[in-house]
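Throughout, protein chains are lettered first and strands after them, A, B, ... in sequence-line order, and every chain is numbered starting at 1.
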Amino acid sequence: MYEAPVQRLIDELARLPGIGQKSAQRLAFHILHIEAEDANRLAGAIVAMREQVRLCRRCFNVTDSEECTICRDLRRDSSEVCVVERAQDIVVVERTQEFRGRYHVLGGSISPIEGIGPDQLRMRELVVRVDDEKIVEVIVATNPTVEGDTTALYLARLLKPLGVKVTRLASGLPVGGDLDYADEITLGRALAGRREL
Amino acid sequence: MGLRNDQGIVLRGFPFGEADRVVVLLSPNHGKVRAVAKGVRRTKSRFGGRLEPFTHVDLVLYEGRNLDTITQVSVIEAHAGLRGDLDRVLAAGTMVEVIDAVTQENESSLRAFLLLQRGLSALDDGPRHPDMVAAFLLKAADVVGIAPAFEHCAGCGRTADLTRFSFAAGGVLCERDRTPGAVALRPGLTGYLAGLARSDLANLPDHDAGFSGEAMGVTRRFIEYHLDRRLKSLTVDG
């Protein structure tokens, strides 16, 4: 056991995901040895994030104002919405620079085994958006897992009767990968979704 | 400790660490097996896609002190068709949940394994029978030794005058043995339930829309009563 203030920080850091006691100890001693100003900046960043960040009222992305920067950006195509499980997934799709529409964060995926149903996700809010914002296409970008696929099927059943086009991200081979190492399920989907050149 | 071969049906999995997943499988000989699949959440993982729920796989495991590590996986049956149909995937979720609830680690579970294998195959192969899940739940009750009595009174064994169903007594009761909690069943329902319990999952009796909802209701309450837990997957409404 260290002196109380050091031990307190170690205990707090060890509660973070992926940080064990040893890593927490290393981080705590690092913080102990940096300039006071740097330590204050770190503490300030944590407090400010907690105080200022909220969810976008339209898409449920994290933001520091009523609406996130993507929803406020008038140059974005409002007729296309990409549905993701978590706010972190928006950054991943944005990195592709292929999508110029808006997003909708569900807050998870349907999991029959865990008892997570559509009512626990932001499905109703999406239906309202489809109506209000004249959305033409909903691109489902949930994970290619049983839960993600189930969510995509549910969304298709929910939204198609509203006259909106529902599409799903394609599954296939990773760029730079070796065909030899592809599992048969992914390769099967890649074959099913092949494109004419 | 060392390498061992096994096979199993993936029941579920949950994220573990940065990119790993703990997978829970049902092995015919070892019961429920928990094993770590390293790096499978990365898109370049070689076998992530093979360890999704409902997949029947052949495995090589490295035995660890707490958790085994999966080092090789090959697919025996992917049941890929299930994932393309919402009703089937929800039904498969209930099958997996009930088998997960009635099996233990380090305990042979050949009957439960075969039942799940047949159930998933029946769902994957043909058009889904509306009472497939009810039939599966009745068979799962049989596997764990709590099969409800439908053709004779659970109290005295009589075969006549069977008008009530008792969740606590474990089946139908005659008028003489009826208990306060026993519910009245519509004439013909016990015969329909008995037919579902008896038949092969791939060859269930003709569906009777008049009995379907009630058959599922009775079966669900029976299983939940004896497992002493709600079946979460049945609360998910597709």
Side-chain angles (χ1 to χ4, degrees), chain A residues 16-20 23 85-86 89 92 108-121 123 142-158 160 166 168-193, chain B residues 10-21 24 40-55 57 73-101 133 229-238:
Chain A
L16 299 173
I19 308 268
S23 301
E85 290 181 20
R86 307 169 310 159
D89 299 333
V92 182
S109 55
I110 295 174
S111 172
I113 299 159
E114 300 296 328
I116 300 172
D119 295 347
Q120 285 136 282
L121 305 171
M123 298 274 185
T142 50
N143 289 331
T145 57
V146 166
E147 292 83 3
D149 288 347
T150 308
T151 309
L153 290 168
Y154 182 84
L155 280 173
R157 188 179 279 185
L158 186 71
K160 276 188 171 174
V166 181
R168 174 94 170 106
L169 285 193
S171 284
L173 301 167
V175 176
D178 196 320
L179 202 67
D180 231 14
Y181 288 115
D183 69 87
E184 48 276 63
I185 298 163
T186 308
L187 191 52
R189 284 194 180 195
L191 272 171
Chain B
V10 181
L11 302 179
R12 60 192 158 90
F14 48 89
F16 185 69
E18 196 69 25
D20 305 341
R21 186 184 298 277
V24 183
V40 291
R41 283 156 60 211
R42 294 200 175 97
T43 48
K44 285 196 178 182
S45 161
R46 283 185 294 133
F47 52 65
R50 297 176 181 143
L51 291 169
E52 282 290 298
F54 319 135
T55 314
V57 287
V73 189
S74 56
V75 174
I76 296 172
E77 181 58 64
H79 297 304
L82 295 180
R83 288 170 67 168
D85 183 295
L86 185 59
D87 295 324
R88 288 186 204 198
V89 84
L90 292 175
T94 303
M95 290 181 178
V96 160
E97 185 186 4
V98 75
I99 291 296
D100 192 9
V133 172
R229 58 179 273 185
R230 301 275 314 270
L231 288 176
K232 289 186 283 186
S233 57
L234 291 175
T235 62
V236 177
D237 191 6

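With a 4.5 Å cut-off on non-hydrogen atoms, Pro144(A) touches chain B through its backbone but not through its side chain. Neither the backbone nor the side chain of Leu173(A) comes within less than 4.5 Å of any heavy atom in chain B. Neither the backbone nor the side chain of Gln120(A) comes within less than 4.5 Å of any heavy atom in chain B. Contact of Asp85(B) with chain A is made through the backbone alone, with heavy-atom distances under 4.5 Å.
Judged by distance alone, with hydrogens and angles left aside, the side-chain atoms of Arg21(B) form no donor-acceptor pair with the main-chain N or O of Phe14(B) at under 3.5 Å.
Closest approach of Val96(B) and Leu11(B) over heavy atoms only: CG1-O, 3.1 Å. Counting all heavy atoms, side chain and backbone alike, Arg83(B) lies closest to Val89(B) at CA-CG2, 4.5 Å. Taking both residues in full, the closest heavy atoms of Gly117(A) and Ile110(A) are given as C-CG1, 4.4 Å, listed atom of the first, atom of the second, then distance. Closest non-hydrogen pair, Pro53(B) versus Arg12(B), comes out as CG-CA, 4.3 Å.
Salt-bridge formation is detected for the pair Asp149(A)/Arg189(A): a Lys NZ or Arg NE/NH1/NH2 atom is positioned less than 4.0 Å from an Asp or Glu carboxylate oxygen.
For the options Val146(A), Ile185(A), Thr150(A), heavy-atom pairs under 4.5 Å to chain B are most numerous at Val146(A). With respect to chain A, the highest number of heavy-atom pairs below 4.5 Å among Ala92(B), Gly84(B), Gly93(B) belongs to Gly84(B). Between chain A and the residues Glu52(B), Arg50(B), Arg230(B), the largest count of heavy-atom pairs under 4.5 Å involves Arg50(B).
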